[in-house]
Asks: 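This is the structure I have questions about; it appears just below.
All of these numbers come straight from a predicted model, not from anything done at the bench. Quick note: numbers below take in every heavy atom, side chains included, and nothing from hydrogens, waters or symmetry partners. The chains referred to below are lettered A, B, ... by the order of the sequence lines, with proteins before strands, and numbering in each begins at 1.
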2 protein chains.
Amino acid sequence: MKKRRVKLEDIARKLNISIATVSRALDESPRVKPSTREKVFRMAKAMGYMPNQIAKSLSSGKTNLIGVIIPRYDESFFIEVCRGIDHYVSKHNYKILISSSRTSFESEQENLSFFEKGLVDGIILCPSHETETFSHIRSIINKGIPTVLFDNIKEEVSGADHVLIDDNKASFSAVEYFIKKGKKKIVFIGGIKDKKVFQDRYSGYLEAMKKYNIPIDEDLILHCNSLDREEEDLEISKYFKNLKKRPDAVFTVTDNYGMMSMKILTKLNYNIPKDVEVIGFGDLGVGKVFVPSLTCVAQPSFEMGQKSAELLIDQLKDESDEKHKKRVITLETKIVFRESTGD
Amino acid sequence: MKKRRVKLEDIARKLNISIATVSRALDESPRVKPSTREKVFRMAKAMGYMPNQIAKSLSSGKTNLIGVIIPRYDESFFIEVCRGIDHYVSKHNYKILISSSRTSFESEQENLSFFEKGLVDGIILCPSHETETFSHIRSIINKGIPTVLFDNIKEEVSGADHVLIDDNKASFSAVEYFIKKGKKKIVFIGGIKDKKVFQDRYSGYLEAMKKYNIPIDEDLILHCNSLDREEEDLEISKYFKNLKKRPDAVFTVTDNYGMMSMKILTKLNYNIPKDVEVIGFGDLGVGKVFVPSLTCVAQPSFEMGQKSAELLIDQLKDESDEKHKKRVITLETKIVFRESTGD
DNA sequence: TACAATAATACAAACGTTTGTATTTTGTAA
DNA sequence: TTACAAAATACAAACGTTTGTATTATTGTA
C-alpha cells in the first residue's frame, strides 16, 4: 500500500513548469500569474498533493512545534496547563509535543535531549521534583533554544522565563482564614519534602501560625511521603486514627489529601464543617462534586499554561537576541469557598 | 543568542575527513576504523554536536513520531489511553504527538491533515462524536499511513485496526447484576445520543431488562444532553427531584453521572446502598475516593492505549504491505465493586 | 518595429543527513 | 619490490522544500 507521495516535482512535470513556480503558486506569491496559479491549484488538488512538513522545516529552520515536558500525565494540574499552552499556541500556528519525565531526573534529561535534536522551536518545562541541578536546562538555553519554566522551580535559571504561583502566600492566606475564624488546632497535611511547591506551602503554614502567635504543635503536622494514591490513603487514614487531639481545621497541600482527610474524618464521626473545616489545594474539578464539596486554594493552571505559552511565543518572535533578559511571572491564587468551610 | 548548530560538516572539517565518514562513525558503522571513530566521538562531544532530527527524517523517511488524536484533554479516560500508548511506543523509540479535536469534526479533519503532512509515521485516533462520515480517515489510510482507531467507532473503516470495548455487553452485565439482586426499578442515566458508546450502553440496558422481562419504564430513563459539567449537574439533579417513583438502583453511563446521582440522592434522603444502589462507568480514580465509593464498570483505558500502540507498531514494522487486512480487538471490561452496591 | 521595462518563469543552491559507489590507503604474499 | 585483495575513506546523489538570481516572455511606447 506504501504509495509514493505526490511532490512539487510531480505537479511541475505534469504542467511542464518548474518546481519553483509550483512552490510559489501554492504560496500565492504575486510572482506567478493568476492563470498559472489556478492551474497549479487544480492540479495539486487533483493529484492529492500534501506538502511535506519535514522538508519545509529543514528548509525553513522552523518546525512550528513546541516541546512540553511535564512530570506526569495523571495529574490534572499538568493536563490543564497543557490545555492552556495548546490554547494559546494554536492561535499562532504551533502544535505541542508533550512528554512526561515520569518525575525522574534522568528521563527529564532524555526528553530535553530529544527536543534538542531540532524537533521543536521552543520548550516549556516543569522540572521534576527529583531535579536538583539545572545544567541540562542551561545547556539548552545556551544553544539558543527559547525556554520557559513553570511551577516547582527550585532555582532560577538565567535566560529562561519563569511562571509560578506564590505557594507560600497562597498557603498563608488559607491558614490565616482559619485563624481569623478562631481555629486554633489546625492540622497541616503536607507532601514529599523535595518538591519546592510543598516546601513553600509548608512555610506558608508556619508563617501564618507564627504571625498570630499560635504555637506549632508537631502532632498536628503530617508530611505524606507516598507517591501512590493507595499509600497516601493509608498514611492519612492512619494519621487521623492515631491522632489524640481533636483538630478544628485541616489544611492540606493537595485536593486529594483534602478529600482523603474528609473521608476519614467523617468515618471518625467528625461533622464537616461543624466540628472541623477543611481546605485543600488545587481545584481541579473533583473537589467540587465531593460531598461535602471541598473549599480550596485554586491554582490558575490553565492560565499558567497560557502565560507560559505567551512568554515562549514572545521569545520565538523576538529574533533580536536576548533583548529581554528573563521574566518571572507570579500568578494570583484565590480561595474558592465551598461546603467544607461552611460556605 | 541564536547560535549556529554544530553539524557533521563542522566535525568533518576539523578532523579533515569526509562528512560520510563522520556520519558512519557516529553510527558505529564497521566501515570506519576504531581509531577514527574514537576521534569523531571525542570531537563531536567537544563541539557539542547534536544530530538534526529533521534532516534525519527527511533523509530516512521516518520521523519516529506517532500522532494521537483524542476528542478532549479534560477526560481522564483519554489521558489514560495516551499514557498506555506512550508506555508502549516509547519502548520502540517512538514519541507521541497528542492533538485534541475538541470534539469537533472540523478540528478532527484539521488535525488529520496536519499529520498527513508527513510529520508522523502513524496515527492513533478516537473519532469525535460529531464525526459521521469517515472519508477523511479513509483518505489517510489510502495514502498508506498506518492508522488505528479506538473507542467510539460508529463505522468500521477498512484498512485500519480497531480497538474497542463491548459497551453493550458491559452495560448489560451491570444491569443484570442489579436484576439478579432483585432490583426492579432501575434508573438509566445515559449520555448524548450521537456518541456510539452511549448508544451501546443504552442498548445493553434495554437488552438486560428485556431478557428478564422487566418492562421498560420511560420515567426511569434520562439521556443527559449537556456537554458541560455544571449543566449535567443541574440536569441530573432536576431529574431526580422531579422523579415521582422511588428507584432501587441507578446505572449511569459515566462515573461522573454516578457521583452526581449519589450526591443528589443523598440530599433527597436516600441511603446508598440500602435504599438505592448505584453503578457507574469508567473507573478513573475519582469514584474510589467518593463517599460512598462508587461501584462501576471498569474500562481498561491504559490497556486500550497499549493495545492500540501495539497494533500500530505492528503495521509500522510490517513493510510487507497490507498483509494483515484489518484487526478488531475487543477488550474485556469488569465490574469493580465498592460501597455504592454494598460491597 | 524595435527597445526598454516589467512580468513570468526557470535555474540552482541550500537546509543536514544517509547511503551506494568510487577511490584511495593499507597490509600481505609472491 | 610488486601486485592484489581488503579495509578505510571520499564523492555525490537523494530526501522535498524554499528562495535569490538569472533568464525568457510579454507588454507598452516611441
Side-chain angles (χ1 to χ4, degrees), chain A residues 2-41 43-44 47-65 114 116-121 143-144, chain B residues 2-41 43-44 47-65 114 116-121 143-144:
Chain A
K2 182 116 283 182
K3 298 201 176 114
R4 211 179 53 72
R5 293 176 68 104
V6 177
K7 50 185 175 174
L8 292 183
E9 196 188 337
D10 301 319
I11 301 177
R13 212 190 316 261
K14 279 256 190 196
L15 294 174
N16 247 310
I17 57 179
S18 75
I19 297 181
T21 300
V22 176
S23 170
R24 290 200 166 96
L26 292 173
D27 265 7
E28 316 217 28
S29 152
R31 284 179 57 173
V32 324
K33 76 173 162 198
S35 66
T36 357
R37 185 199 305 164
E38 285 286 300
K39 276 195 299 181
V40 171
F41 268 95
M43 183 58 76
M47 301 178 74
Y49 172 74
M50 263 294 178
N52 181 322
Q53 184 57 44
I54 298 291
K56 268 188 161 158
S57 295
L58 182 59
S59 182
S60 69
K62 295 261 144 231
T63 63
N64 280 306
L65 244 36
F114 180 77
E116 203 182 341
K117 293 188 205 303
L119 242 188
V120 301
D121 294 342
K143 296 209 170 179
Chain B
K2 182 117 284 183
K3 298 199 177 117
R4 210 180 53 74
R5 293 176 68 105
V6 177
K7 49 185 173 176
L8 292 184
E9 195 186 338
D10 301 320
I11 301 178
R13 211 192 314 263
K14 278 254 189 196
L15 294 174
N16 246 307
I17 58 180
S18 76
I19 297 179
T21 300
V22 176
S23 171
R24 290 196 165 97
L26 291 173
D27 265 5
E28 315 218 28
S29 154
R31 283 178 57 174
V32 325
K33 75 173 163 200
S35 65
T36 5
R37 185 197 305 163
E38 285 286 299
K39 274 195 300 183
V40 171
F41 267 95
M43 184 57 77
M47 299 176 74
Y49 172 73
M50 263 294 179
N52 180 322
Q53 184 58 40
I54 297 293
K56 269 188 160 158
S57 295
L58 182 60
S59 182
S60 69
K62 296 262 144 231
T63 63
N64 281 307
L65 244 37
F114 180 77
E116 203 182 341
K117 293 189 205 299
L119 241 189
V120 301
D121 294 341
K143 297 210 170 177

Asks: Of B/S60 and B/I17, whose closest DNA chain D nucleotide lies nearer the 5' terminus?
Replies: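 Per heavy-atom nearest nucleotide, the more 5' residue is B/I17.
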Asks: Over the length of the helix from C/dT1-D/dA30 to C/dA30-D/dT1, how much do the five-pair end axes diverge, rounded to 10 degrees?
Replies: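 Inter-axis angle at the termini of the helix from C/dT1-D/dA30 to C/dA30-D/dT1: 60°.
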Asks: Would you call A/L65 and B/L119 a side-chain contact if the rule is heavy atoms closer than 4.5 Å?
Replies: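 Side chain of A/L65 against side chain of B/L119, heavy atoms only: contact under 4.5 Å found.
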Asks: Check whether any side-chain heavy atom of B/M50 sits under 4.5 Å from a side-chain heavy atom of B/R5, and report yes or no.
Replies: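 A side-chain contact under 4.5 Å exists here.
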Asks: May I ask you to list the residues of residues 19-30 of chain B, by number, that have any heavy atom positioned under 4.0 Å from an atom of DNA chain D?
Replies: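 B/A20, B/T21, B/R24, in order of number.
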Asks: Evaluate side-chain contact (heavy atoms from CB on, under 4.5 Å) for A/L26 paired with A/L8, printing each intermediate quantity in order.
Replies: CA-CA 10 Å; A/L26 292 173; A/L8 292 183; 3.7 Å; yes
Asks: Rounded to whole Å, please give me the gap between CD in A/Q53 and C1' in D/dC15.
Replies: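 One finds 15 Å between C1' of D/dC15 and CD of A/Q53, rounded.
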Asks: Closest approach of A/L15 and A/M43, non-hydrogen atoms and distance?
Replies: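 Minimum heavy-atom contact is CD2-CE, 3.8 Å.
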Asks: With a 4.5 Å cut-off on side-chain heavy atoms, are A/N52 and A/K7 touching?
Replies: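 Side-chain contact under 4.5 Å: no.
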Asks: In Å and rounded to the nearest 0.5 Å, what is the OG1 to CD distance from B/T63 to A/Q53?
Replies: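 Separation between the atoms: 11.5 Å.
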Asks: On DNA chain C, compare the nucleotides closest to A/R37 and B/I54; which residue's is nearer the 5' end?
Replies: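 Here A/R37 is the residue nearer the 5' end.
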Asks: When you check the phosphate oxygens OP1 and OP2 of C/dA10, does a side-chain N or O of A/S18 lie under 4.0 Å from one of them?
Replies: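 Yes, such a contact exists.
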Asks: Can you tell me if A/T36 touches the phosphate of C/dT9, counting only side-chain N or O atoms and a distance under 4.0 Å to OP1 or OP2?
Replies: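 Yes.
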Asks: Taking atom P of C/dT18 as reference, at what distance in whole Å does atom NZ of A/K117 sit?
Replies: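 Taking NZ of A/K117 and P of C/dT18, I get 11 Å after rounding.
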Asks: Could you check whether atom NZ of B/K117 has more than 12 heavy atoms from other residues, nucleotides or ligands sitting under 6.0 Å from it?
Replies: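 More than 12 within 6.0 Å, yes.
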Asks: Is there a side-chain contact between B/R37 and B/K33, using heavy atoms and a 4.5 Å cut-off?
Replies: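 The answer is no, as the side chains (C-beta and beyond) never meet within the 4.5 Å cut-off.
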Asks: Using atom NZ of B/K56 as one end and atom C1' of C/dT19 as the other, report the distance to the nearest whole Å.
Replies: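 So the two atoms are 14 Å apart, to the nearest Å.
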Asks: Do the side chain of A/R5 and the base of D/dT17 come within less than 3.5 angstrom through a donor-acceptor pair of N or O atoms?
Replies: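 No, no donor-acceptor pair under 3.5 Å.
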Asks: Please test B/D10 against B/Y49 for side-chain contact (heavy atoms from CB on, under 4.5 Å), starting from the C-alpha separation and ending with a verdict.
Replies: CA-CA 9 Å; B/D10 301 320; B/Y49 172 73; over 6 Å; no
Asks: Given atom NZ of A/K62 and atom P of D/dT19, what is their separation to the nearest angstrom?
Replies: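 A/K62 atom NZ is separated from D/dT19 atom P by 13 Å.
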Asks: Between P on D/dG16 and CG on B/L58, what's the gap in Å once rounded to a whole number?
Replies: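 One finds 7 Å between P of D/dG16 and CG of B/L58, rounded.
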Asks: Do B/V32 and B/V22 touch side chain to side chain, with heavy atoms closer than 4.5 Å?
Replies: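 No; the side chains remain at least 4.5 Å from each other.
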Asks: For DNA chain D, determine which residues of residues 6-16 of chain A have any heavy atom closer than 4.0 angstrom to one of its atoms, and list them numerically.
Replies: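 Only A/K7, A/L8 qualify.
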Asks: Measuring only between side-chain heavy atoms, which start at C-beta, is A/P51 closer than 4.5 Å to A/K56?
Replies: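 SC-SC contact between A/P51 and A/K56 confirmed.
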Asks: In whole angstrom, give the distance that lies between atom CZ of B/R31 and atom C1' of C/dT21.
Replies: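 That distance rounds to 9 Å.
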Asks: Are any of the side-chain heavy atoms of B/I17 and B/I11 separated by less than 4.5 Å?
Replies: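 Sidechains of B/I11 and B/I17: no contact.
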Asks: Closer than 4.0 Å, any side-chain N/O of B/Y49 to the OP1 or OP2 of C/dG16?
Replies: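 It does not, given that no N or O in the side chain of B/Y49 lies less than 4.0 Å from OP1 or OP2 of C/dG16.
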Asks: Tell me which nucleotide among C/dG16, C/dA10, D/dT9 gets nearest to the side chain of B/A55.
Replies: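 Closest of the options to the side chain of B/A55: C/dG16.
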Asks: Between A/K33 (NZ) and D/dT24 (P), how many Å, whole number?
Replies: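 Distance, rounded to whole Å: 17 Å.
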